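For the numbers below, each heavy atom of this structure counts, side chains included, while hydrogens, waters and symmetry mates do not. Because the structure is predicted, anything quoted here is derived from the model rather than measured. Letters A, B, ... are given to chains in the order of the sequence lines, protein chains preceding strands, and every chain is numbered from 1.
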2 protein chains.
Amino acid sequence: MARAPDLERRVLDALWRGGEWSVRDVHLDIDPALAHTTFATVLDRLHEKGEVDREKVDGTWRYRAARSREAALAAEVGAVLARAEGAPDPLLVAFLDRVEQVDPRALDRLEALIQARRQRG
Amino acid sequence: MARAPDLERRVLDALWRGGEWSVRDVHLDIDPALAHTTFATVLDRLHEKGEVDREKVDGTWRYRAARSREAALAAEVGAVLARAEGAPDPLLVAFLDRVEQVDPRALDRLEALIQARRQRG
DNA sequence: GTTCCTCTACGACGGAATGTCGTAGTGCAG
DNA sequence: CTGCACTACGACATTCCGTCGTAGAGGAAC
């Protein structure tokens, strides 16, 4: 069978939609053709990594994302930035390109955020 | 022996400093305690992935980074952004946090870049 | 209670990435 | 010829991760 790329990420994407999920919920939502235990394993491993929290209710685990999607992605961006030496213009430009492409009005908000930050000093 | 984390990344970091590198150069720069062939292999694999270019001079390979550090990191940031739905404020804020921490004056440049972009429309 | 069904717990297999090295061979410098 | 420096190629172990099987617990339905 075709090995799914990024199954973990698809599971996280589901949990990031919010609420509590049983293994069954995730299984049905993502791909009922795969085995139940596949998702049990993936969720278990995400729990070991601290990406999701869980709580046992009536003998079954309820999972929820440990961080919001924004927080998780922000951490990833932060990790990349940490490897840059300084904040070179080409990187800033690439960032603006992407942001604008994904949401043109985000540039306005970005500018407002910069100014707000400056006020606080 | 302790398995080095991110040996590939450390090799790339070296090449990103610029110029042409032989296997020997990289070997001596990063960790002379490891075997010469370790670096030959790593560089070969980076070449297969297109991360580095190489050219044979007098029977020995000269390696150089295929992209600048900024271009490579920008691509990584872009990949993260592509997974965000839109450009949510928390992500923008996290980005600003990092940028400011690494280079406080970068916020000014960022603002200037946004304004320049708006002019062009 | 026996039969189902649903879960968990635990382990396992296989493929890919990657850190690490050995060996054989080639070509140039003494 | 003898070294030395490099390449070419292969190999092994570990880790990550997609995928699943099996065994067992616990409740629901006959």
Side-chain angles (χ1 to χ4, degrees), chain A residues 1-16 19-66 72 75-76 79-80 83, chain B residues 1-16 19-66 72 75-76 79-80 83:
Chain A
M1 62 226 62
R3 195 180 158 90
D6 296 324
L7 185 59
E8 279 195 355
R9 180 154 311 281
R10 281 192 293 155
V11 169
L12 266 181
D13 274 334
L15 297 218
W16 279 337
E20 303 212 315
W21 298 66
S22 67
V23 172
R24 178 177 194 79
D25 293 335
V26 174
H27 180 197
L28 294 181
D29 185 78
I30 294 187
D31 188 349
L34 294 176
H36 176 88
T37 48
T38 295
F39 294 94
T41 301
V42 168
L43 283 163
D44 196 52
R45 299 212 270 231
L46 285 172
H47 176 247
E48 279 168 16
K49 292 190 217 171
E51 299 276 4
V52 305
D53 294 331
R54 70 182 182 184
E55 170 194 13
K56 210 168 211 174
V57 177
D58 287 331
T60 85
W61 291 111
R62 300 305 173 83
Y63 290 89
R64 61 165 56 250
E76 287 188 48
V80 174
R83 288 204 306 276
Chain B
M1 61 222 67
R3 196 180 157 90
D6 297 324
L7 185 59
E8 280 195 355
R9 179 153 313 278
R10 281 193 292 155
V11 169
L12 266 181
D13 274 334
L15 297 218
W16 280 336
E20 304 212 315
W21 298 66
S22 67
V23 172
R24 177 177 195 78
D25 294 334
V26 174
H27 180 197
L28 295 181
D29 185 79
I30 294 187
D31 189 350
L34 294 177
H36 175 89
T37 48
T38 294
F39 294 94
T41 301
V42 168
L43 283 163
D44 196 52
R45 302 212 269 233
L46 285 172
H47 176 247
E48 279 168 16
K49 294 191 219 171
E51 299 276 5
V52 305
D53 294 331
R54 70 181 183 185
E55 169 194 16
K56 209 166 212 175
V57 177
D58 288 331
T60 86
W61 291 112
R62 301 303 174 86
Y63 290 88
R64 62 165 55 252
E76 287 188 49
V80 175
R83 287 204 307 276

(Q) Minimum heavy-atom separation for Ala4(A) and Arg10(A), please, with both atom names. (A) CB-NH2, 3.2 Å

**Q.** Closest approach of Leu43(B) to Val52(B) (non-hydrogen atoms, all atoms of both residues)
**A.**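 Residues Leu43(B) and Val52(B), closest heavy atoms: O-CG2, 4.0 Å.
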
Looking at [atom1] of [X] and [atom2] of [Y], how far apart are the two atoms once the value is rounded to the nearest 0.5 Å?
X        : Y        : atom1 : atom2 : result
Ser22(B) : Trp61(B) : OG    : CH2   : 13.5 Å
Phe39(B) : Leu28(B) : CZ    : CG    : 9.0 Å
Leu15(A) : Glu20(A) : CG    : CD    : 10.5 Å
Arg83(A) : Asp6(B)  : CZ    : CG    : 8.0 Å
Arg54(B) : Thr60(B) : CZ    : OG1   : 11.0 Å

Nearest-Å distance for atom pair [atom1]/[atom2], residues [X] and [N]:
X        : N       : atom1 : atom2 : value
Leu43(B) : dT18(C) : CG    : P     : 14 Å
Leu12(B) : dG19(C) : CG    : P     : 11 Å
Asp31(B) : dG19(C) : CG    : P     : 13 Å
His47(B) : dT7(D)  : NE2   : C1'   : 14 Å
Glu51(B) : dA17(C) : CD    : C1'   : 14 Å
Arg9(B)  : dA17(C) : CZ    : P     : 16 Å
Asp44(A) : dT8(C)  : CG    : C1'   : 10 Å
Phe39(B) : dG22(C) : CZ    : P     : 14 Å

Q. Going by heavy atoms in the side chains, are Val23(B) and Thr37(B) under 4.5 Å from each other?
A.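 A side-chain contact is absent here, since even the closest heavy-atom pair is not under 4.5 Å.
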
Q: Tell me which nucleotide among dA8(D), dC20(D), dT20(C) gets nearest to the side chain of Thr37(A).
A: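 Of the options given, the side chain of Thr37(A) lies nearest dC20(D).
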
(Q) Would Asp44(B) and Thr41(B) count as a side chain to side chain donor-acceptor pair (under 3.5 Å) here? Give the steps. (A) CA-CA 5 Å; Asp44(B) 196 52; Thr41(B) 301; over 6 Å; no

Q. Can you tell me if the side-chain N/O atoms of Lys56(B) get under 4.0 Å from OP1 or OP2 in dG27(C)?
A.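 No, outside the criterion.
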
Q. Quick one: is Thr38(A) getting a side-chain N or O under 4.0 Å of the dC20(D) phosphate, OP1 or OP2?
A. yes

Please list each protein N or O that sits under 3.5 Å from an N or O in nucleotides 1-7 of chain C, with the distance.
residue, atom, partner, partner atom, Å
dC7(C), OP2, Arg24(A), NH1, 3.3

Q) Heavy atoms under 4.0 Å, any strand shown: does Ala35(B) hit a base, just sugar-phosphate, or nothing? A)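 If one applies the 4.0 Å heavy-atom cut-off, Ala35(B) turns out to touch the sugar-phosphate alone, with no base involved.
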
Protein-nucleic acid N or O pairs under 3.5 Å, nucleotides 13-17 of chain D:
residue, atom, partner, partner atom, Å
dT14(D), O2, Arg3(B), NH2, 3.4
dC17(D), OP2, Lys49(A), NZ, 2.9
dC17(D), O2, Arg3(A), NH2, 3.2

